[in-house]
Structure formats: C-alpha cells, structure tokens
Amino acid sequence: MSGYLKHETLAVQAGRMSEEHFGAVNTPVYRASTMLCRDLSTLEAGHAPYVYGRLGTPSSRSLQEAIMALEQGAATVVCPSGLNAIATAIMAVCGAGDHFLVVDSCYGPTRNFCDKALKRAGVETTYYDPLTGTDIERLIRPNTKAVYCESPGSLTFEMQDIPAIAAVAHAHGASVLLDNTWATPVLFHAFAHGVDISIQSITKYIGGHSDLVMGCATANAAHKDRLEEVHFLTGACAGADDCFLALRGLRTLSVRLRRHEKTALELSRWLNTRPEVERILHPALEDDPGHAIWRRDFNGSSGLFGVVLKPIPHAALAAFIDGLSHFGLGYSWGGFESLIVPAHIVRTAQPFAAEGPLVRIHAGLEDADDLIADLEVGFGRMNEAQ
Ligand SMILES: *Cc1c(COP(=O)(O)O)cnc(C)c1O
C-alpha cells in the first residue's frame with residue numbers, strides 16, 4: 001500500500017498504531033527494559049510481540065516502520081547514532097579478508113571507522129574519487145564485497161552517479177551502501193537507484209530540532225537478514241524518548257525540507273554574486289558540476305551547502321563568523337536553526353582544490369532576507385579585517 005502514497009502522506013501516516021494506544025495519535029513513550037509475558041506457553045513459543053527493551057518497543061517499532069515506509073525498503077534498524085548505523089550497515093556486508101570501496105568524500109568519522117576498526121577486523125578499504133562512475137570497475141577486485149557512496153559528498157558536495165556505480169557493483173556481486181542523510185528518503189529514493197542499504201543520521205533532518213542523536217539503516221529484501229542480524233548481535237538500539245522525538249520530527253520532514261531548500265537556494269544565489277566568494281558547492285545550482293546528475297536522480301535539494309571563499313587572512317574569517325547573529329557556529333545540521341562552520345577536508349584518492357577557506361552553511365527556517373542581511377554585514381567585517 002505504502003509504495004503508492006506520496007512522501008507527504010507517508011510522513012504523516014506511516015508507523016502510527018493508534019488502535020493499540022486508546023486512539024492516541026502518537027505512539028506513547030515506552031520506557032521499558034522488561035516486557036512482561038502473559039504466561040509460560042507464550043514465552044516458550046516466542047509469540048510475545050515485545051520481550052525486551054533492547055529488542056524493540058512500540059516506540060522504536062513505530063519509528064522503524066515509518067522510516068521503512070518512507071525509504072520503501074524491506075527492513076529498517078534504528079541505532080543510537082548515525083555513525084553506529086553506518087558501522088552496522090558496513091558490518092552487515094564486510095568481514096575478514098574482504099575489500100571495501102569507499103567514496104573519498106565520505107563523512108569523516110566513516111573514514112575513521114574504516115581506517116581503524118574495519119582494518120583491525122581484516123577488511124581492506126580503498127578510497128575512490130567521488131566523480132568515478134562506471135570506471136569504478138577498474139578498482140573492483142575478486143574480494144570486493146561492497147561499494148560505499150555518499151551523494152552529495154560531505155563538505156564538498158560532489159554528486160555521484162549512483163545508478164552507474166550500482167550496475168557495475170552488482171555485476172561483480174558487490175553490495176551498494178549509501179549515506180543518504182543530505183537528501184533523506186524524501187529527496188532521493190535510494191532503492192530505485194540501485195542502493196542495497198540506505199543509511200540516515202536521524203540526528204539531522206528526520207530529528208530536525210537539534211535535540212537528539214540517532215541513526216538508522218534500511219535494507220532491500222536481499223540485505224534484510226544480514227542487517228537485522230548485525231543489529232541484533234551488537235545490541236544497537238535507541239532510547240524510547242529519542243524514538244518519540246525522531247517520530248515527531250519525521251511528521252513534518254517534507255514541509256521543513258521544502259523550506260530549507262528554498263532558503264538555501266536564496267542564500268546560495270546571493271552568495272554567488274559576492275566578490276568575496278570563489279564558488280558555491282550546491283548541486284541544485286545550474287552551474288554546479290553535479291547539477292545534471294542531481295536533476296536526473298533527486299526530487300529536490302536540502303539546506304546544506306558549501307562556500308569557497310577567496311583567500312583571506314584567518315583573522316578576516318574569524319571577524320566574518322564571530323559577529324554573525326543568525327548563524328550558530330557549530331557541528332551537525334538539519335535542525336530548524338541556521339549554522340556555519342569552517343570545513344577541514346581529508347582526501348586520499350583525489351585532492352580537493354580550493355585556495356581560500358571552505359565554510360559549510362546550513363540554511364535554517366529563519367527568514368531568508370534576515371539571513372542574507374546578517375551575511376552582508378559579516379562580509380563588511382571581513383573586508384575591514386584584511
Ligand atoms: C552527522 C552525519 C553522520 C553521523 O551522524 P551521527 O548521528 O552524528 O552519528 C553521518 N553521515 C553524515 C553525512 C552526517 O552528516
């Protein structure tokens with residue numbers, strides 16, 4: 001049924017179980033470890049719907065089902081952080097002796113996990129240029145088990161040709177994993193483009209209010225059992241209060257994203273006219289190198305983009321950032337508030353070319369004119385500090 005509904009409808013309806021909760025629209029917060037069983041025969045037959053908090057409560061199940069419906073996948077597991085969801089998904093497809101291809105523009109902690117934990121577990125990681133498409137074939141070895149994608153890339157926003165990569169990976173028996181946090185299932189339908197496991201940092205747009213840390217991974221039918229098994233074996237789970245907040249955020253995901261998109265585009269277009277700016281990294285801008293792929297594959301853009309500034313002294317960058325009134329200086333993104341942060345890029349496959357500093361902006365839900373006015377005054381401070 002859910003496959004025929006639009007994401008706006010799914011975001012409102014999916015995962016609700018009012019009839020089990022006296023008609024309450026939202027599934028209540030089930031703070032529970034022990035879930036008592038009615039009698040011994042039910043316990044022995046394993047027929048109880050819930051047996052122990054780590055293995056699921058109505059709070060986590062509502063969230064799981066809502067995300068599974070939005071992603072149109074076969075199974076979703078909810079994890080205590082986005083990074084844990086990434087680790088869970090990778091462990092579902094890679095083991096000792098395997099080779100793993102990871103995009104060079106991946107989220108930094110994903111790289112750390114591969115370089116340290118995965119290496120110790122006997123998996124060899126090779127990083128590939130984010131602009132690689134079908135030519136990923138020359139990096140595939142007989143023991144390559146999976147290809148990891150993130151599009152657009154963290155900090156640098158390169159678009160990946162996921163259908164092309166997936167076709168090659170599948171022809172060689174390798175699975176395709178995607179960090180889909182920037183687009184969410186609303187803006188990019190991972191499974192329709194060849195992805196096998198789609199990962200979200202719920203912390204970002206699904207949570208949407210900067211008040212929780214959580215992640216999830218959703219698998220297609222072929223990867224469902226392995227994903228659920230690793231999640232079960234490692235004891236990854238999320239608290240009931242956080243599940244409740246994540247679901248509350250998810251109900252308004254579609255409308256919030258549309259507003260983030262609009263404001264980010266207004267800021268980007270204005271920034272593009274400024275002499276202080278070298279270039280904007282945003283795939284929805286017509287002159288972005290990834291624009292054609294974005295147009296072909298995505299249903300829209302979100303609120304996060306990069307700004308490469310012309311070379312300036314560090315003190316001028318500080319004068320710009322420190323005096324801003326409407327942009328918080330901080331990590332994470334996807335909440336209702338605007339943020340700005342300098343980006344430090346680690347690359348091993350292909351260096352990222354920029355002479356000036358790169359800053360990342362998250363366009364929040366404030367009025368775009370107020371945000372632009374704040375940036376304009378900031379550029380004045382930047383110029384005075386040079
Ligand atoms: C923040 C982020 C993560 C990690 O999420 P946490 O919930 O902070 O662990 C993963 N991928 C991307 C692209 C992110 O921005």
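Counting starts at 1 for both ligands and their atoms, in listed order. Just so we're clear, the structure is a prediction, and the values are computed from it rather than from any experiment.
Heavy atoms of Pro109 found under 4.0 angstrom from ligand 1: none, in either backbone or side chain. Under 4.0 angstrom from ligand 1, the non-hydrogen atoms of Leu83 come from both its backbone and its side chain. Contacts between Glu150 and ligand 1, counted as non-hydrogen atom pairs separated by less than 4.0 Å, involve the side chain only.
For ligand 1, the atoms lying closer than 4.0 Å to a non-hydrogen atom of Ile86 are 10 (C). Under a 4.0 Å criterion applied to the non-hydrogen atoms of Ser154, ligand 1 contributes the atoms 13 (C). Atoms of ligand 1 found under 4.0 Å from any heavy atom of Thr203 (numbered from 1 in listed order, with element): 6 (P), 7 (O). Every atom of ligand 1 is numbered from 1 in the order shown, and the set under 4.0 Å from a heavy atom of Trp333 is 15 (O).
His21 and Thr27 share no side-chain donor-acceptor pair at under 3.5 Å. Side-chain polar atoms of Asp241 and Tyr30 form no donor-acceptor pair below 3.5 angstrom.
Ligand 1 has no atom lying under 4.0 Å from any heavy atom of Gly215. Not a single heavy atom of Ile199 sits under 4.0 Å from any atom of ligand 1. Using a non-hydrogen distance threshold of 4.0 Å, Trp182 does not register as a contact of ligand 1.
Among Leu101, Val123, Asp98, the one residue that satisfies the side-chain contact (heavy atoms from CB on, under 4.5 Å) test with Lys145 is Asp98. When each of Val277, Ile280, Thr263, Asp288 is checked for a side-chain contact (heavy atoms from CB on, under 4.5 Å) with Ser268, only Ile280 meets the rule.
On a distance-only criterion, Gly82 and ligand 1 share at least one N/O pair closer than 3.5 Å. Looking at Asp179 next to ligand 1, an N or O pair under 3.5 Å apart turns up. For ligand 1, the polar-atom distance check finds no N/O of Asn84 at less than 3.5 Å from any of the ligand's N/O atoms.
In terms of protein heavy-atom proximity, atom 8 (O) of ligand 1 is nearest to Tyr107 OH, 4.0 Å. Counting only heavy atoms of the protein, atom 5 (O) of ligand 1 lies nearest to Ser201 OG, 2.9 Å.
When all heavy atoms of Asp374 and His326 are compared, the closest pair comes out as OD2-N, 2.7 Å.
With salt bridges taken as basic N to acidic carboxylate O contacts below 4.0 Å, none links Glu229 and Lys224. Arg279 and Asp287 are not joined by a salt bridge, as no carboxylate oxygen comes within less than 4.0 angstrom of a charged side-chain nitrogen. For Glu158 and Arg347, the salt-bridge test passes: some basic side-chain N is under 4.0 Å from an acidic carboxylate O.
Ranked by closest heavy atom to atom 14 (C) of ligand 1, the top entry among Met214, Arg360, Lys204 is Lys204.
Taking the six-membered ring for Trp and the full ring otherwise, the centers of Phe188 and His193 sit less than 6.0 Å from each other.
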Would you check, one step at a time, whether the test side chain to side chain contact (heavy atoms under 4.5 Å, CB included) holds for Tyr148 with Cys94? CA-CA 11 Å; Tyr148 188 96; Cys94 288; over 6 Å; no

